Amino acid sequence: MTETMIGVIGGSGVYDLDTLEDKRWVAVESPWGLPSDEILTGTLGGVKMAFLPRHGRGHVHSPSTVPYRANIDALKRLGVTDVISVSACGSFREEMAPGDFVVIDQFIDRTFAREKSFFGSGCVAHVSVAHPTCPRLGAACLTAASEAGIRVHDGGTYLAMEGPQFSTLAESKMYRDSWGADVIGMTNMPEAKLAREAELCYASVAMVTDYDSWHPDHGAVDITEIVKILTGNADKARDLVSRLPGLLGAERTPCPHGCDRALDYALLTAPEKRDPMLMSKLDAVAARMLT
Ligand SMILES: CSC[C@H]1O[C@H](OP(=O)(O)O)[C@H](O)[C@@H]1O
Ligand SMILES: Nc1ncnc2[nH]cnc12
């Protein structure tokens, strides 16, 4: 049994978690650079919490420049065990309407201008992301959303695009009709992959703000319309998050799906060939493998 610490990564529109008790913004140093912002630590219902605004307070970082590695490393370094990502998204499905939430279970990664791994020359590792989100954590998010009276969909494929521009009409139709994506956003990759490398359970709650550009009755994405929806979604996200401590509890059992043991057989580089510099940067992410 270990102690649960819930990490929340707040996306567009979610820059604070004012429901936390004993809250304090703390600067966390990471060998992977500066995280997006300080991290708000505190407790909720006796469970330790850490909140990080993905784009920083005041929305400073674009989807391509969010320091994804530093963010995941900093959360792990603080002792976070379970990460909930809450993100704005466009919808490819009529029934996933603006204001609805989707508990994501798959991703298509179309990003190309981001660092995607903690590993590389000097310590090669390959983790599986066949099932990139944690079913236990996702189930808790689904229950929390239902209890909060949020219209929520159980499962969905999130297409991560590079951005920052929204998709063309041709792209939007292709992602929806040929690729089978359900929603689109710009940030959950490589975040989810990095969380898996860091052996953190990761769940993604996508909050629909628009119908992207495929929908014949809605036309092109309109950022002013998105911003209007974001505020309501952010309030619902805070309600959802405030229910998670009660559902997850303060005492944590090992993940039944193995998220917290993802590195068990992943490291390929022979111990004597490992780069000491890289290994020292991996002190939090791969802590379990280095002791
Ligand atoms: C505000 S519209 C586009 C912007 O919103 C989403 O951010 P996040 O995933 O952090 O909620 C989307 O990915 C874009 O970055
Ligand atoms: N249509 C869309 N495409 C990409 N990211 C988004 N975030 C919110 N709506 C989006």
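We count residues from 1, following the sequence as given. Excluded from the calculations below are hydrogen atoms, water molecules and symmetry mates; all remaining heavy atoms, backbone and side chain alike, are included. Not measured: the values here are computed from a predicted model.
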- Message: Through direct or indirect side-chain contacts below 4.5 angstrom among Ile, Leu, Val, Met, Phe, Trp and Tyr, which residues connect to Val227?
- Response: Phe92, Ile108, Leu159, Met161, Phe166, Met174, Tyr175, Trp179, Ile184, Met186, Tyr211, Trp214, Val221, Ile223, Ile226, Leu230

- Task: With sequence neighbours excluded, tell me which residues meet side-chain hydrogen bond (donor to acceptor under 3.5 Å, both in side chains) with Asp235.
- Result: Arg238

- Query: Pairs in or reaching into residues 136-152: which pass side chain to side chain donor-acceptor pair (under 3.5 Å), with residues at least two apart or in two chains?
  - Reply: Asp100-Arg151, Arg136-Thr253

- Query: By side-chain hydrogen bond (donor to acceptor under 3.5 Å, both in side chains), which residues pair with Arg114, not counting sequence neighbours?
  - Reply: Tyr68, Glu162

- Task: Evaluate whether atom NE2 of His59 has more than 12 neighbouring non-hydrogen atoms of other residues, nucleotides or ligands under 6.0 angstrom away.
- Result: yes

- Query: Residues two or more places apart in sequence or in another chain: which of them pass side-chain hydrogen bond (donor to acceptor under 3.5 Å, both in side chains) with Ser242?
  - Reply: none

- Message: Same cluster or not: Leu75 versus Leu17, using hydrophobic residues (I, L, V, M, F, W, Y) connected whenever any side-chain heavy atoms lie under 4.5 Å apart?
- Response: no

- Item | Listed partners of Tyr158 passing ring-ring contact (aromatic ring centres under 6.0 Å, His included), at least two apart | Phe107

- residues 256-287 vs ring-ring contact (aromatic ring centres under 6.0 Å, His included), sequence neighbours excluded, gives none

- Item | Other cluster members, Tyr15 - Ile/Leu/Val/Met/Phe/Trp/Tyr, side-chain contacts below 4.5 Å | none

- Tell me who clusters with Leu169, hydrophobic residues only, linked when side chains sit under 4.5 Å apart either directly or through other members. none

- Item | Test salt bridge (Lys or Arg N to Asp or Glu O under 4.0 Å) applied to Glu171 - qualifying residues, sequence neighbours left out | none

- Item | Validation row: Leu244, Ile84 side chains within 4.5 angstrom (heavy atoms) | yes

- Sequence neighbours left out, what pairs pass side chain to side chain donor-acceptor pair (under 3.5 Å) with at least one residue falling in residues 16-35? Ser30-Asp73

- Residues passing the side-chain hydrogen bond (donor to acceptor under 3.5 Å, both in side chains) test with Ser280, sequence neighbours excluded, are none

